[in-house]
Amino acid sequence: MSADDVVVTGLGIVSPVGGDARSTMKALLDGESGVTLLPPDQRERTPVHLYAPVDDGALTQVARRERLRHDRSVHLALQAGREAWQDAGAPAAEPSRVASVVATGMGGLTILLGLHERYLAKGPVGLPAHTVTGIMANASSALLAVEIGARAAAVSLASACASGSDAIAHAVRLFRDDEIDLAVAGGTEAIVHPVTLAAFGALRALSTRHDDPSRASRPFDRDRDGFVLGEGAAILVLERRRHAQGRGARILARVAGAGSTCDGSHLVAPDPTGHWNAEAIGKALRAAGIGPRDISCVSAHATATVQGDRAENEALKKAFGGALSDICVTALKSSFGHTIGASGALAAAVAAMSVRDQAVPPTRNLDHPDPAIDLDVVRETPRPLPAGAAVLVNAAGFGGHNTALVIAGE
Amino acid sequence: MADVLREQELIELVKNAAEEALDMDLGDATPQTPLRSLGLDSLDQLELVSALEERLEVCIPDSYLNRVETVGDLIGALADLQASRPDVSR
């Protein structure tokens, strides 16, 4: 334990299974699914009808004025960010030592699609003044920076499905470089739209198990047929331990290490050997000053594509070696679907609650494990964790991005 | 009399646009009320202008906007533009 540890003092989540961190964790431990069918009027123009939405009723802290001018990804980030900030006790901090780091895979895509329809119907006069500010991918980090008074940095990262983890990893580097004492960090995504569903469908990446939505997202299962696009946001309040202790803050967990690499081999296909993903995990373990046997659980990226699941299996075998047989694995996308730029932050937030509550949520829909996968995947019921356990959160994204985080209990 | 009604209609239009586009109640605003005193920052003002342009199907040129400080200035600009394009005003 060091006064310079990066600790988690607040959490905020909006997810397909819950409107806040507490209800999301309960739903995950109960093995619930957030996957459903698109409303009938939206099915005509996309061959994919499955998605995992955030309930609009969850956006209790987003004013109508904010809904009118910002993209839905920003609504989710504001809701999660405000929950996290309140959860941390609205900390007072020197503004020049505070950062906002919020990632998104695709930014304000859905607001642009809506405004484009108005533009086609009415021409330039159909475009409101908030068109540019609505699209810009850095809106969430900038708005949260305004709200909490962050003056050290406001950063928005885009590394597809690794974005949320990369935001936390970037914040950890800002702590390590002694630039900050406090940060809000996380990810947000809300790109569900017939156009995006059809677009991911064109990549043959999405499940079309339309007759059984809650069982459509099947990471590691023999009968998976792709991922389900989900919405969500997770924001963590990260703090230097000295700073947190100085104000008597409650400490939930510790971000013990972070490591990133790039496959550098293909724009979208993962390296089937998992080599560079394993290297990212190794970097995170070294940064945490621990070895493979110190990890109790892996929160896998596990989107439920054959290539992705198998590449990750190889990466985990390389990174953990013989220790892997004593490590349990969970795949949260079986409940959330794939929330793209939010997914790594959601997994990190859930890992923080897992080490605090000493319980790993089960993986849904793993009825017939892929014989090519040799992992101890948590099924049916939660798996207990020892006090002070460490969870490795793994993330990989289109672009070959690999980022691993070590989240440890106190 | 017609001019007065015209002005009142335009004030109502501005209030309605502010409510719908900004979720702002302009309440008792009069032509003399400065837009900034209503809590509209520069981006809000442009948002309001966008909403009015869409409703009236007119384009408010920068040369007008640079002179707009009060609700009355904005209404005057809209009235001028409508007068010059009666066929598209509603």
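Letters A, B, ... mirror the listed sequences (proteins, then strands); counts begin at 1.
- Counting heavy atoms from C-beta outward, A:Thr133 and B:Leu43 have side chains that approach closer than 4.5 Å.
- Here the shortest heavy-atom pairing between A:Ala129 and B:Ser50 reads N-OG, 2.9 Å.
- With salt bridges taken as basic N to acidic carboxylate O contacts below 4.0 Å, none links A:Arg69 and B:Asp23.
- Using a 4.5 Å cut-off between heavy atoms, A:Thr131 makes no contact with chain B at all.
- Atom OH of A:Tyr119 sits in a sparse spot, with 12 or fewer heavy atoms from other residues, nucleotides or ligands closer than 6.0 Å.
- A salt bridge links A:Arg118 to B:Glu54: one of the charged nitrogens lies within less than 4.0 Å of a carboxylate oxygen.
- For A:Arg64, the parts lying under 4.5 angstrom from a heavy atom of chain B are both the backbone and the side chain.
- For the residue pair B:Val58 and A:Val125, the shortest heavy atom distance occurs at O-CG2, 3.7 Å.
- Within the 4.5 Å cutoff, side-chain heavy atoms of B:Asp44 are placed close to those of A:Arg65.
- The local environment of CZ in A:Arg22 is sparse, with at most 12 non-hydrogen atoms from other residues, nucleotides or ligands closer than 6.0 Å.
- Within 6.0 Å of CD in B:Glu69 there are 12 or fewer heavy atoms belonging to other residues, nucleotides or ligands.
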